[in-house]
**Student:** 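Structure below; questions to follow.
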Amino acid sequence: MAIQSPEGTRDLLPDEAKFWTHFKATAAEIFGRYGYLPIETPVFEQTELFVRGIGEATDVVSKEMFTAISGENLKKLLEGGSVKAKSRLSMRPEGTAGTVRAVVQHDLVPQGAAPAKLMYAGPMFRAERPQKGRQRQFNQVGIECLGAEDPSVDAEGIIMLMRFYAAIGIPVRATRLLVNSMGCETCRPAYREAVKAYMDAHADELCDECKRRAEINPLRAFDCKNPGCTAVMESAPKITEHLCDDCREHYLSVKTYLDGAGLSYVEDPTLVRGLDYYTRTVFEVQVTEGMGSQNAIGGGGRYDKLTEEVGGRPTPGFGWALGYERCVLALEAAGHAFPKAQRCDFFVACVDASVRAEAFSLVQACRDAGLVGEMDHQRRSLKSQFKLADKLGASMVAVLGPDELARGEVTVRNMQTHRERAIELPKIKALLAHFGGEPFDGRAPSVDEVFGGLDDAE
Ligand code: AMP
């Protein structure tokens, strides 16, 4: 059997790959209005970064990381040797740790500077059990803002994400925005203790995993999918009743900004999210119908202690990531299909092989003029060439034969109107040359713009 793609991965075939490009371009355009600039970081980092940044006890780090190892180091390990800490590498399971590492390494937020606003888009890797909406390689688009703790950063970050969903075609009414505050180092320790005490009192109703969580990170039990644990945790102490004054005010202010922007949201005091680094604001966006349990299309929050964890000076931060594949599922649930990628504006068909060189140069002139030009590369019959042009969605087909060439003409057929006429080759080439070279108005011209003048002349 032919080799298949690895479990939990997905090929983006051309129509979808085009959509992914459009998705990223839309993100860059919208987030650019909020001052966010792109950053590209490696897809693998030192394992230590994720252990320190995301947290050793998280599922993502303890169970789901893919190790990246060079052939040389693998050999060393297999022979019972060890490799240096800096050679222990992992594929990135998320984008925040790497972005924050880059901010610290390149000092992108010098003391007193404006916040660094960064966005990224690319693949993440988690060794999860694959299912619909849960992959081992998936794409995220994310933003990070480092250097400001004001609630306006959190609010604008959430607002721009919701604007993006709408722009990409996910109806706002199909989504639910959940918000919460997870407190800070002042108020969270006491809250954790309160949750731990509550869990200890209900230990016999909790799964083994949650009993372990009670010791290491009790708040993680809010994410347990076990129905018994969910029922117990519903009555657990709520963070909102334990926030210190500063955190309460910060949270209130975030909500006030969201209200002002007309966003509706649901406060969910059990929303803790799976990663260790969050402080204060956390949020998640879910799709309300058609996506089963994998209904989270994005989420994030504030992480005011993360830069210190990775060795930088104290720098408050806020960020989120959205899952591209989940957005595609949400779009499908809302009845969208990928628009078919336009494959051809102008097809040059050859009556026989003697005109191929002339056809080749005409197609090339089309491409230089900014049009999508194509010809047959398999020496098909004229009839099959027309079929191919049709399949590619060509709006015009030029037919070139020895007789036409001898007259210095080409027959051009408009595939919509089916009208045909002969045009002098030098005339068509001059027209194409007019659009070639310099970019036309900063963009590629349409076939109508190039050939519109010819229509008028008819
Ligand atoms: P997280 O980094 O876990 O907060 O995830 C952010 C977003 O990425 C989620 O809301 C999902 O939309 C998406 N996501 C997370 N894990 C996966 C996965 N294994 N497969 C597909 N999408 C994912």
Side-chain angles (χ1 to χ4, degrees), residues 5-12 16 20 23-24 27 41 43 45 49-50 53-55 57-66 90-100 119-144 154 157-158 161-162 164-165 168 170 174-180 182 219-220 222-223 225 268 271-279 281-288 290-303 306 317-333:
S5 56
E7 206 191 351
T9 66
R10 221 169 125 256
D11 297 310
L12 302 194
E16 180 171 2
W20 169 227
F23 192 92
K24 288 184 283 187
T41 62
V43 295
E45 296 271 358
L49 173 70
F50 303 123
I54 303 173
T58 58
D59 283 357
V60 167
V61 169
S62 66
K63 302 188 214 155
E64 297 167 1
M65 279 212 296
F66 277 104
S90 292
M91 307 297 290
R92 60 181 186 193
E94 51 93 71
T96 304
T99 306
V100 168
M119 62 164 290
Y120 59 82
M124 306 296 158
F125 307 85
R126 293 184 197 174
E128 301 194 80
R129 195 170 55 77
Q131 53 180 288
K132 195 174 179 208
R134 186 173 287 279
Q135 294 172 212
R136 297 187 144 194
Q137 177 177 336
F138 56 98
N139 289 298
Q140 285 188 339
V141 173
I143 62 111
E144 315 293 346
D154 312 36
I158 296 173
L161 174 59
M162 299 310 283
F164 173 77
Y165 289 134
I168 211 72
I170 301 175
T175 63
R176 183 192 304 126
L177 168 62
L178 304 176
V179 297
N180 189 24
M182 290 187 65
L219 303 192
R220 186 75 12 89
F222 285 109
D223 283 340
K225 297 279 179 273
D268 178 359
L271 180 71
V272 292
R273 301 197 38 81
L275 315 178
D276 268 359
Y277 50 58
Y278 290 115
T279 49
T281 313
V282 283
F283 75 97
E284 186 163 289
V285 186
Q286 300 175 343
V287 168
T288 45
M291 286 185 55
S293 59
Q294 308 305 319
N295 64 350
I297 54 171
R302 178 160 282 287
Y303 48 80
L306 181 57
F318 172 87
W320 52 249
L322 64 87
Y324 161 75
E325 284 78 5
R326 299 265 180 96
C327 287
V328 167
L329 291 174
L331 285 168
E332 282 171 3

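Only this structure's heavy atoms are used, side chains among them; waters, hydrogens and symmetry mates stay out. Fair warning: this is a prediction, and the values are worked out from it, not measured in the lab. Both ligands and their constituent atoms are indexed starting at 1 by order of listing.
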**Student:** Which one of Lys63, Gln135, Arg134, Glu94 satisfies the side chain to side chain contact (heavy atoms under 4.5 Å, CB included) criterion with Arg126?
**Tutor:**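 Exactly one option meets the side chain to side chain contact (heavy atoms under 4.5 Å, CB included) with Arg126, and it is Glu94.
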**Student:** Below 4.0 Å from ligand 1: does a non-hydrogen atom of Arg134 turn up there or not?
**Tutor:**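 Heavy atoms of Arg134 do come under 4.0 Å of ligand 1.
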**Student:** Is the backbone of Leu271 close enough, under 3.5 Å, to the side chain of Asn180 for a donor and an acceptor to pair up by distance?
**Tutor:**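 Yes: the side chain of Asn180 pairs with the backbone of Leu271.
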**Student:** Show which atoms of ligand 1 fall inside a sub-4.0 Å distance from at least one heavy-atom site of Gly133.
**Tutor:**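 Per the distance check, 20 (N), 21 (C), 22 (N).
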**Student:** Under 3.5 Å, N or O to N or O, is Gly298 touching ligand 1 that way?
**Tutor:**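 In this structure, Gly298 places an N or O atom under 3.5 Å from an N or O of ligand 1.
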**Student:** Consider every N or O of Ala321 and every N or O of ligand 1, then say whether any pair is closer than 3.5 Å.
**Tutor:**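 Looking only at distances, the answer is no, because the N/O contact criterion of under 3.5 Å is not met.
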**Student:** Taking atom 11 (C) of ligand 1 as the point of reference, which of Arg126, Glu64, Gln131, Arg326 owns the nearest heavy atom?
**Tutor:**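 It is Arg326 whose heavy atom sits nearest to atom 11 (C) of ligand 1.
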**Student:** Looking at Arg176 and Gln286, would you say the former's side chain and the latter's main chain have a donor-acceptor pair under 3.5 Å?
**Tutor:**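 A pair under 3.5 Å: no.
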**Student:** Would you check if the side chain of Tyr165 reaches a backbone N or O of Ile297 as a donor-acceptor pair within less than 3.5 Å?
**Tutor:**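 Answer holds: yes.
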**Student:** So, regarding Glu325 and ligand 1 (criterion: nitrogen or oxygen to nitrogen or oxygen, under 3.5 Å), is there a contact or not?
**Tutor:**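 N/O-N/O distance under 3.5 Å: no.
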**Student:** With a 4.0 Å heavy-atom cut-off (strictly under), which part of Gln140 contacts ligand 1: side chain, backbone, both or neither?
**Tutor:**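 For Gln140, only side-chain atoms sit under 4.0 Å from ligand 1.
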**Student:** In this structure, is the centre-to-centre distance between the rings of Tyr278 and Phe283 below 6.0 Å?
**Tutor:**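 No, the ring of Phe283 stays outside the 6.0 Å limit from the ring of Tyr278, centre to centre.
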**Student:** Nearest 0.5 Å, what's the CG-OG1 distance between Asp154 and Thr281?
**Tutor:**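 Here the rounded value is 3.5 Å.
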**Student:** With nothing but distance in play, are any N or O atoms of Gln135 less than 3.5 Å from an N or O of ligand 1?
**Tutor:**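 Among all N and O atoms of Gln135, at least one is under 3.5 Å from an N or O of ligand 1.
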**Student:** Within the structure provided, determine whether Asn139 and Leu12 are in side-chain contact (heavy-atom separation under 4.5 Å).
**Tutor:**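 Yes, at least one pair of side-chain atoms sits under 4.5 Å.
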**Student:** Would one find an N or O of Glu128, backbone or side chain, under 3.5 Å from an N or O of ligand 1?
**Tutor:**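 Yes.
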